[in-house]
Structure formats: C-alpha cells, structure tokens
Protein chains: 2
Amino acid sequence: MELKVAAAVACRDCALYQTAKVLGLETPDCSSLNRVVLRDHPVNKNEVLYREGDSFRYLYLVHSGSCISSATILGRRSQVMGFYLPGEMAGIESIGQQKCNHTTRVLEKGSVCQLDFLMLEETLGKDELIRVQSYLLGASAIHARQLQWERSLTSLQTAEQRVAAFLLNLAGRFESHGFPGHQFRLPMSREAIADYLGLAMETVIRTLKSLHKKGLISSRAKHIEILDRTALSTLLRS
Amino acid sequence: MELKVAAAVACRDCALYQTAKVLGLETPDCSSLNRVVLRDHPVNKNEVLYREGDSFRYLYLVHSGSCISSATILGRRSQVMGFYLPGEMAGIESIGQQKCNHTTRVLEKGSVCQLDFLMLEETLGKDELIRVQSYLLGASAIHARQLQWERSLTSLQTAEQRVAAFLLNLAGRFESHGFPGHQFRLPMSREAIADYLGLAMETVIRTLKSLHKKGLISSRAKHIEILDRTALSTLLRS
DNA sequence: CGAGATGTTGACGACCCTCAAGTGCAGTGG
DNA sequence: CCACTGCACTTGAGGGTCGTCAACATCTCG
C-alpha cells in the first residue's frame with residue numbers, strides 16, 4: 001500500500017560480506033566466495049530456512065524481506081524467539097552446536113545469501129580458519145547481546161514498557177543497517193509481537209493505540225512512526 | 001545451619017579443566033597450565049570479580065561457593081542477570097567484546113580458578129589457538145542456551161511457572177556438575193530470585209510456600225527439596 | 001542482647017489475560 | 001462490480017494474578 005519499501009541492504013552493509021572479508025575471499029572475481037556462498041537466493045513467504053533439529057550447516061544473511069524464528073523451550077508450545085531484519089544473520093544461534101534449535105521461516109518474501117559453514121571449515125587454511133573463528137566469536141557475542149536484551153524484557157513490568165522497548169530495539173536495528181529508525185514497517189503480525197513479548201495480542205494492540213494517543217508514536221496497521229523517542233526511552237526507566 | 005555443604009567440584013568436572021585440556025596444557029607437571037591459570041584462589045562474600053565496564057581479561061571458574069552477576073540494561077537500575085554455581089564459568093558472557101558488560105560478585109565465599117584470557121592468545125601457537133577458539137565457540141553456545149532459556153521466562157505467565165522453571169533449572173545445573181539435583185541449598189536471597197525472575201520478592205515467597213503446600217517441593221529457608229519433579233515440569237506446559 | 005538485614009504475612013487495587021463479538025481488508029469467483 | 005470467505009485486527013466486559021505498602025517475624029552477627 002503505502003511505502004512498500006523494497007528494503008534491501010547494500011552488500012557492503014551485509015554481515016556476510018564482513019565474513020567474506022575476514023575470510024580473505026574478497027578476490028576481484030569472487031571465485032573463492034562463490035564456492036561457499038549462494039548469493040541473493042529468492043525466498044517466498046512462509047518458506048522454511050531451517051527447522052528445529054536439522055543438523056546445522058548454513059548461515060543465512062537476510063538481504064531483503066525478513067524472517068521469524070521460533071523454538072519449543074520449557075516443553076511448551078513453539079514460541080517466537082526473534083526476528084531477522086535485512087542485514088542480519090539467521091542461523092548464528094546454532095553455531096557451536098550439532099543441530100539447529102530454532103525453526104526459521106520467511107515473514108516477507110525477499111532474498112537471502114547463504115553461507116556453507118561446514119564447507120568453510122573443510123576448505124580453509126589455518127590462518128583463514130583463525131580469522132573465521134575469531135569473527136564468529138564476535139558474531140556470537142553480538143547475538144548474545146541481543147539475547148541479553150530480550151532476557152531483560154522479563155523484568156519490564158507493564159505492557160507499555162515492553163512494547164516501547166520492542167519498538168526502540170527495532171528502530172535501533174533498522175538504523176544500524178542503514179534504514180531510517182524513526183519510521184518503518186513492522187514485518188510481523190500483532191500476534192507474533194505478542195508472542196515474542198510474552199503478552200496477549202489484545203494487549204499489544206491496546207498498548208500501541210495508547211502510545212499513539214499519547215503522541216509518542218504513530219501506529220497505523222503495519223506502519224510505525226516514532227514521534228518522541230526520548231519519551232519512549234523514559235518509559236523504560238521504571 | 002543445616003547441611004552446610006562445602007559444595008566444590010572436582011577439578012576434572014571443572015570447565016576450566018576442559019579448557020586446559022583442549023589447550024594441550026595438560027602436562028604432567030602443570031607448568032604450562034600455571035602460566036595462564038591462577039588456581040583455587042579464595043574469595044570472600046561480596047568480593048567483586050569484575051565490574052561492568054572493566055576491560056575484559058579473565059575467565060573465572062567457580063570451584064566452590066557461588067556468584068551473582070548483574071547488569072544495567074534498558075537504562076534501568078541494575079538487574080540480576082544470573083548466578084554461577086560451582087563448576088560454572090563466569091566471564092564467558094564478555095567473550096568477543098572489549099569490555100565486561102556484567103558486574104559479578106561473590107554470593108557465598110569459596111574459591112575460583114582464574115584464567116588469563118589475553119595472555120592465552122599471545123602465548124599460543126596456531127594449532128593451540130584454533131583449538132581454544134573452537135572450544136570457546138562451544139562455551140559461548142552453552143552460555144547462549146542458558147540465555148535462551150532465561151529469555152523464554154518472559155513468556156511464562158504465572159509466578160508459579162517462573163519459580164518452578166527456576167528450581168528445575170537450578171536442579172539440572174547442580175546435577176550436571178555432579179551434585180544432587182533433588183535437594184540443594186539456594187545460594188541467593190529471595191530478593192535476588194525475585195529480581196532474576198522479574199517478580200516481587202513477596203510473590204516469590206508466596207509461590208514457594210504454595211508449591212510447598214501442594215507437596216511439590218519442600219522449602220525451608222534456603223534449603224530446597226524437590227519432591228515431585230514431574231509435577232513441577234507439568235506446571236510449565238501452560 | 002540488640003540492631004540491621006532478611007524473610008513473612010495480610011489487605012487492596014491495578015493491570016492484563018480470557019472470552020466473545022465485531023470490523024476491516026485481501027483475494028477469489030461469479 | 002459485487003458478494004463471499006478467510007484472516008488479521010479491534011473493541012468491550014469481567015475476573016484473577018501479582019505488585020505495592022505496611023506491619024511483623026526471624027535470622028545473623030558483633
């Protein structure tokens with residue numbers, strides 16, 4: 001409808017590109033890169049990238065579109081664990097393990113680059129391997145920071161705080177990948193947000209409306225505009 | 001008072017020992033090991049191992065006693081992020097980053113082994129470095145799994161579910177380090193549990209009492225006994 | 001023994017989950 | 001162009017859970 005953003009990261013802003021760089025795969029003709037990377041592979045809505053229990057093999061860089069990942073934890077029904085925006089890397093949460101512990105599917109159709117993680121380890125020399133591992137440790141750390149952020153949602157008491165934190169987090173992530181952070185399109189349904197935040201869908205809806213009425217955001221369908229970022233942040237400080 | 005367990009892991013059950021093994025530092029006289037590891041260093045209650053913002057340098061293996069870590073996230077007051085039991089590694093959450101993002105202090109006095117992470121990287125040869133990095137990726141993955149578990153607390157609706165999940169998690173961790181899982185001493189205060197779980201202290205107390213009355217656990221001061229593990233697990237399945 | 005920290009209990013009210021009914025929108029086929 | 005269907009979203013009413021506050025008990029340690 002309105003601003004149907006064909007949001008896509010430039011390759012140089014892409015995390016996989018960084019990976020490729022540390023690999024020394026940045027040759028002029030990209031021949032080495034092409035051995036381990038499948039580039040700009042189109043994916044359709046609801047397509048599954050990988051499933052819980054699959055043996056771990058690939059990292060996916062979301063080039064355009066977006067993904068949602070879920071997992072069954074604590075023996076409960078599958079829960080939404082996170083979202084992958086353009087420029088972010090899916091599959092990273094399974095590094096260091098035999099099997100994937102998330103199921104990740106496409107939320108909005110787009111394209112992904114795919115890196116064969118196993119072939120990487122087999123193909124590389126020692127020096128390259130050291131750089132790759134070192135890079136992956138850094139990537140794991142970034143993933144861990146996001147996990148810690150999500151973990152701290154537990155201590156946010158009100159639905160208003162959780163929704164505000166969610167919007168600010170999305171804004172920051174969009175910005176860090178080169179998109180405007182004050183105005184964006186929510187890739188996911190209200191229900192997915194609710195599941196992710198541990199709230200009921202109705203509560204998410206009412207909270208968005210309430211923030212809208214207070215003038216802190218504009219929320220119309222999937223289009224979000226952040227009008228008063230400072231006030232939103234202040235909500236979090238208990 | 002009662003069963004003042006001098007809970008301490010045997011060195012072979014210790015995560016640092018595993019590290020040392022992958023390092024090839026397992027020489028008969030331990031001379032190499034002693035270069036990077038400070039062993040069995042006694043620590044007192046409330047002693048700070050490292051502080052938020054410190055530059056990252058050491059990994060700590062809790063040998064006996066226990067630790068609590070906290071962080072300021074979302075711009076709020078410091079929040080309890082986790083506990084380190086005997087056999088677990090503190091500091092792992094800062095791997096891949098310049099600075100520590102947690103403050104970790106001693107909850108019950110005991111002793112820790114300390115590994116100089118920076119000296120490690122300087123001292124080692126390529127092959128050793130590859131093994132270390134590979135091991136650390138695995139350790140990060142374990143840490144990430146615990147983070148994911150904690151993250152999923154958000155979706156547990158009732159206080160009863162959160163407390164049950166907490167007790168089961170502790171039980172599992174004690175067991176995986178060679179201690180009985182059905183009966184243990186809580187190292188931390190009710191307040192710390194509450195903060196960790198995102199609940200009020202009073203709620204934690206009432207919930208423990210309620211679980212006690214239902215016959216699922218026995219809770220007397222810091223002493224916990226798990227009487228019906230199956231029923232506790234069932235509580236989590238919504 | 002006394003003082004401060006930690007833990008416990010009760011009363012009350014706000015917040016949010018549940019359930020249920022209703023609205024808007026996209027895609028389909030006549 | 002219109003009805004029709006399905007789905008996501010919205011709105012309202014009611015009740016339970018848990019946070020807050022305040023008083024009190026117990027534990028710990030000098």
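It should be emphasised that the depicted structure is a prediction, and the values quoted were computed from it without experimental measurement. First the proteins, then the strands, lettered A, B, ... as listed; each starts at 1.
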Assess whether one donor atom and one acceptor atom, taken from the side chain of [X] and the base of [N], lie less than 3.5 Å apart.
| X | N | result |
| --- | --- | --- |
| B:Arg206 | D:dT20 | yes |
| B:Glu202 | D:dC21 | yes |
| A:Glu160 | C:dC15 | no |

Would you check if there is a donor-acceptor pair between the side chains of [Y] and [X] at a distance under 3.5 Å?
| X | Y | result |
| --- | --- | --- |
| A:Ser111 | A:His63 | yes |
| A:Ser152 | B:Gln79 | no |
| A:Thr154 | B:Thr154 | yes |

Can you tell me if the side-chain N/O atoms of [X] get under 4.0 Å from OP1 or OP2 in [N]?
| X | N | answer |
| --- | --- | --- |
| B:Lys222 | C:dT6 | no |
| A:Lys209 | D:dT11 | yes |
| A:Ser189 | D:dA8 | no |

A:Phe83/A:Tyr196 aromatic ring centres below 6.0 Å: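 Yes; A:Tyr196 has its ring centre under 6.0 Å from that of A:Phe83.
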
Looking at B:Gln148, B:His143, B:Glu150, which hits side-chain hydrogen bond (donor to acceptor under 3.5 Å, both in side chains) with B:Gln146? B:Glu150

Any donor-acceptor N/O pair, B:Gln161 side chain to B:Gln157 backbone, under 3.5 Å: yes

Choosing from D:dT10, D:dG19, C:dT18, which nucleotide comes nearest the side chain of B:Leu199?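 Selected nucleotide (nearest to the side chain): D:dG19.
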
Provide, to the nearest angstrom, the distance between the CD1 atom belonging to B:Ile205 and the P atom belonging to D:dC24. 17 Å

Interatomic distance where CZ belongs to A:Arg220 and P belongs to C:dT23 [whole Å]: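 Rounded to the whole Å, the gap is 18 Å.
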
Given axes from five pairs at either end, by how many degrees does the helix from C:dC1-D:dG30 to C:dG30-D:dC1 bend, rounded to 10°? 40°

